[in-house]
Every structure is written in C-alpha cells, then in structure tokens.
Amino acid sequence: MKRFIQSKAFGPLLLLIAEYTTKIIGPFISIILVRYLGVDDYGIYSSAIAVTSFLTVLPDFGLQQTSLKLSTDKGIKLNELIKSSLYVSLLYTTITFVFLIGWLHLFKYENLIKIVAYILAISFLQLAFRRAMTTLMQIQRQYTRIAIWNVVINSLQWMTTLFCIYVQASLIILVLIPQLVILFMAMLMLVMEGNKIKLFSVLNPFKNHIDYKKIVVHSLEFGTANSMYQVYHRSDALILSASRNPTEVGFYNIAFRLASFVYFFAGVLFNQVLYPLFFKWSKSDRERYLLYYRMLNKQMILLGFVATVYITLFSNDLITIIFGYTENYAIILLKIMMFAVPFRFLVISTGAILTTDNLVRERIKIQSKIAVLNVGLNALLVPIYGGIVAAILMVITDILLMTGYILATNKNITTRHFSRRTYFTFPVLIILSLISLYFSYYGLIFRIVAGLVLIVPFITIFILALEKDELEEIKGLLGRKN
C-alpha cells in the first residue's frame, strides 16, 4: 500500500476518485432538489442553469490549456504566467456577464428565471479563480492538492444547499447562499495557492514580462475549440429552455446530468491529468506520446461501452430513484444519450492529440462544421419535437465529430489509432449494448442476472486488449515517483 501511495499513479487516481465522489453525491443533491422544489420550480431552476452552463466555457476560454502549453517553453516564470492568465480570465468573465444579460433579455425569459440565472452567474467569477489555481497545481503535478480543494469546496456547497432545504428557504435563497460560499472558498484558494509562488508580489498587470497578445492568441484557439464543443453539447438544452415548457426542460436536464456523470470521466482524465504530459511528450518523446494515444483510445472505447451497457440496463431504476416514480419520458432520454458515450470518449481522446500536437486550428475547422449542423438541426427540430430529437442529435453529433477527428489524425499525425484486435471487438461491444437495451424492459431480477452474465465478455475483452508494450507502461506507472 505504501508503495502505491508513493507511485506516479496515486495523485491522478486520487484526483479521479475525488472528482467522481463529487459527481456521485451531486445527483443525490439533485434528487433532493427535485423533490423539495417540485416539478414547476425545478423546471425554472433548470431553465436558468441551462443558460449559465452554456456560458461556463467563456471565463476560462482556453486559458488553462494555453498556460499548460506555455509552461513547457524555456524562460517562462510560473508566477507571471499564472498572473497574466488570471488577468485575461477576469476580462473574459466580464464579457461573459454581458453575454448573459443580452441573452436573457433577447429571449424574454420569465423574471424569476432571470433572477436565478443572475445568481448562478456568480459561478463565473469563482470559476476564473479556481481554474487559474488548478492550472498552477497541474503544472506542478500536485494532483492530490487539486483533489483536496475540489472535495472541500464541493462539500461546502452541498452542505449549504442541504441547510437551505432544511430551513425551507425559497428558491432564490437556495441558489444564492451556496454560490456565495463557493465564491469565498475560491478566493481563499487563490490566496493560499497564489502565495506559494508569490503571485501577489507585483499586482500591476502591465509590469509582467509575459506577452498578453501571445496568451490571448493561444487562448482564442483553444477557447474556440472548447466553445464549439460547448455549442453542440449545450445548445440542445439552451434551445429547449427557450422553446419548450419548463417541465420538459427539467426531465431533459435530469437525463443529461446522469449521462454527464459518465461523460465526466474522460474529461477529467485528459483535462486535469494527461494534458500537461501530452504537451511535454509531443515535443520530447513521440514514441510514448503515440503509445498512450493508441492505448487510451482502446480503453476509452471499452469503458464507454461498459457504461452504456450497465446504465441502459438499470436506467429505469435510476430515474425512479430520482423522481420517486417511473417517468418514462426521462428514461427514454437517458437510454438514447447513453449510446453516445463510447463515441464521446473517443472524441475526447482523439481531440487531445490534435490539441497537444499544434493542430488546434484543424480541430476548430472540424468542430465548426459539426457545430453549425448541430445547432441548425436543434433550432429547426427541437422546438417542434422536443427532447427526444435533441438526444438523438447528441448521438449523431458525437459520431460525426469522432469521424472527423480520426480523419484529421490520419492525415497529420498517425494512421494507427488502435491495435488490429480492437476492430474485431466493435461488433461484440455493439451486440452487448443491444442486449442490455433488450433486457432493460424486463424485471429487476432478470436485469441483475443479465448484468452479471455480461461481466464475462467484458473482462475477456479487457484482458485481450492490452499488448506487451502497454502492459510495461502500466507497470511503470505503478513504480515510485522520481
């Protein structure tokens, strides 16, 4: 055990566990919120959060990846890099507030939805502080510290939310108090972590030796790529909130939150753990860089199908736990969304190599085409057919994006994305997913038995998927830190 704690893998693994702990508890808080607020008030809350969630990419807008990239350059002072990035982030945050005000007034939302959205917008400021400090700790590879901060801040948010429910607070107070608490904690994080690198020694933004133009240019590239991703994965909820009744928005939001619980895994793995390493290896160790690319692609596919199979199988139970009754519309939405998981995992994996190998503009071109198609179809079909079409378009978008990324990687980096045996497992994994969909309509006992039986083929596929060089690399991860 002591050897594992001292290994290279311990910090990243602890971060993943911490992030998933927040993701596990988060849905339970959502269950309590749904039952406390009721369908109507929760629909209002969902409509507000659909707008603010869509804009959360703007306060950072690629600055995290920009800082990770620039930190590998020679002669860069870490405190000046982080400070300059934070100043730019505060500028982006101000622009985000302006966008929010414009959107809410343009589409004439109900006054209560506007008020809740403005309160939720406090999260833009705390996001700027937290993202800057998280980037600092990523560069220092202090994953354990990131995990501790995230758990502490999220725990306080949950505790204040539960306290507000306990005292039977109104919707406004229920949203406001947790936002103020996490803003205070984000400021505390900024002070404590920033002091370690003397971040506040010189506060004048014009005395830094970092080229702001260079930061902005890089962040616009990374940020545009991230915003395109946000557009076609959040525009559905945004359009739904503007064109359909709040109750349907609430059902869609719950299904999406459950699906996001799975999508979250690949995002944390790459954005918070692997990106610093990928930026470094792309310049100094191409062999390891491409080895990890192939190995992670395989694991993303396998883990994606595992999630699809088991959440589809027990989707009825998950939705029933949340609402307290069987809500068939939300169950159908969740099942559709889960079939996007393997493709989205692969999108994140292939997108990472395009980003870290100086092909961000190529990635943006692909994303822009997909985003235009996705938003156009959502704007045309969602107001008429609602959430079902939005969920189907989510799956189609991920398949198209995955195809575009792989073709771009073929052209510019490598034609080897997996081992040959991976191609033979695809039909098997698809069949397993269809089996889970079939048995999802049976009783609980049948579904439990089916779930146990399906473990066997998955374990077999995992064992056969790893090759010798990949096994050696995994053993190396379990070795001690240098």
Side-chain angles (χ1 to χ4, degrees), residues 14-53 56 112-127 129-130 134 146-189 192 237 241 246-247 249-265 268 311 317-325 327 330 334:
L14 183 63
L15 176 59
L16 284 171
I17 292 171
E19 293 295 317
Y20 255 95
T21 300
T22 64
K23 276 291 178 178
I24 290 170
I25 297 175
F28 284 104
I29 302 297
S30 294
I31 294 171
I32 298 170
L33 272 176
V34 170
R35 297 193 177 186
Y36 175 71
L37 294 174
V39 173
D40 291 337
D41 276 353
Y42 187 75
I44 290 170
Y45 172 77
S46 296
S47 295
I49 208 168
V51 181
T52 54
S53 295
T56 52
L112 185 55
I113 294 176
K114 287 182 182 179
I115 294 169
V116 174
Y118 291 141
I119 295 171
L120 289 171
I122 295 172
S123 65
F124 298 152
L125 186 57
Q126 64 89 15
L127 180 63
F129 295 151
R130 289 179 67 181
T134 299
I146 299 174
I148 292 170
W149 274 113
N150 287 350
V151 168
V152 169
I153 292 174
N154 290 324
S155 297
L156 285 172
Q157 183 181 8
W158 299 326
M159 289 167 63
T160 51
T161 300
L162 292 174
F163 176 77
C164 290
I165 291 173
Y166 176 74
V167 299
Q168 297 184 336
S170 65
L171 175 61
I172 301 298
I173 300 299
L174 182 65
V175 177
L176 177 62
I177 300 301
Q179 289 297 326
L180 293 177
V181 169
I182 60 174
L183 177 60
F184 171 78
M185 290 303 300
M187 294 172 68
L188 182 64
M189 179 184 184
M192 292 182 66
S241 72
T247 301
V249 177
F251 291 148
Y252 189 88
N253 185 57
I254 286 294
F256 184 79
R257 279 174 174 263
L258 287 171
S260 296
F261 175 76
V262 181
Y263 304 154
F264 182 72
F265 170 78
V268 172
I311 294 183
D317 307 284
L318 291 170
I319 295 297
T320 302
I321 289 171
I322 292 173
F323 286 100
Y325 59 91
E327 177 48 61
L334 179 58

Notebook entry, point to check: Rounded to the nearest 0.5 Å, what separation is found between the CG atom of Leu127 and the CG atom of Leu183?
Noted result: 11.5 Å
Item checked: Non-hydrogen side-chain atoms of Lys114 and Tyr118 separated by less than 4.5 Å -> yes
Next item on the list: Go through the steps to decide whether Val167 and Ile173 satisfy the test side chain to side chain contact (heavy atoms under 4.5 Å, CB included), and finish with yes or no.
Entry: CA-CA 11 Å; Val167 299; Ile173 300 299; over 6 Å; no
Item checked: Stepwise side chain to side chain contact (heavy atoms under 4.5 Å, CB included) test for Leu112 and Ile172 -> CA-CA 9 Å; Leu112 185 55; Ile172 301 298; 3.7 Å; yes
Next item on the list: Could you check Ile122 against Ile182 for side chain to side chain contact (heavy atoms under 4.5 Å, CB included), going step by step and ending with a plain yes or no?
Entry: CA-CA 9 Å; Ile122 295 172; Ile182 60 174; over 6 Å; no
Item checked: Contact summary for Asp41 and Leu171, nearest pair of heavy atoms -> O-CD2, 4.3 Å
Note to self: Does any part of the side chain of Ile113, heavy atoms only, come nearer than 4.5 Å to the side chain of Val51, both counted from C-beta?
What the structure shows: no
Note to self: For Ala255 versus Ala330, what's the shortest heavy-atom pair and its separation?
What the structure shows: CB-O, 3.9 Å
Check: Could you walk me through whether Ile32 and Ile165 pass the side chain to side chain contact (heavy atoms under 4.5 Å, CB included) check?
Finding: CA-CA 9 Å; Ile32 298 170; Ile165 291 173; 3.5 Å; yes
Notebook entry, point to check: Is the closest side-chain heavy-atom distance between Val175 and Ile115 below 4.5 Å?
Noted result: no
Item checked: Nearest-0.5 Å distance, CG of residue Leu162 to CD of residue Gln157 -> 10.5 Å
Notebook entry, point to check: If we only count heavy atoms from C-beta on, is the Thr52 to Phe124 side-chain gap below 4.5 Å?
Noted result: yes
Margin query: For the backbone of Ser53 and the side chain of Thr56, can you confirm whether one donor and one acceptor N or O come within less than 3.5 Å of each other?
Written below: yes
Notebook entry, point to check: Do Val152 and Met189 come within less than 4.5 Å of each other through their side chains, counting heavy atoms only?
Noted result: no
Next item on the list: Would you check if Tyr36 and Leu174 make a side-chain contact, meaning some heavy-atom pair closer than 4.5 Å?
Entry: yes
Check: Just how far is it from atom CE of Met185 to atom CZ of Arg130, taken to the nearest 0.5 Å?
Finding: 9.0 Å
Notebook entry, point to check: CD1/Ile49 to CD1/Ile44 distance, rounded to the nearest 0.5 angstrom?
Noted result: 14.0 Å
Notebook entry, point to check: Which distance, rounded to the nearest 0.5 Å, do you find between the CG of Asn150 and the OG1 of Thr134?
Noted result: 5.5 Å
Margin query: With rounding to the nearest 0.5 angstrom, report the CH2 to CG distance, Trp158 to Asn154.
Written below: 5.0 Å
Notebook entry, point to check: Just checking, is any N or O donor in the side chain of Tyr42 or Asn253 under 3.5 Å from an acceptor N or O on the other one?
Noted result: yes
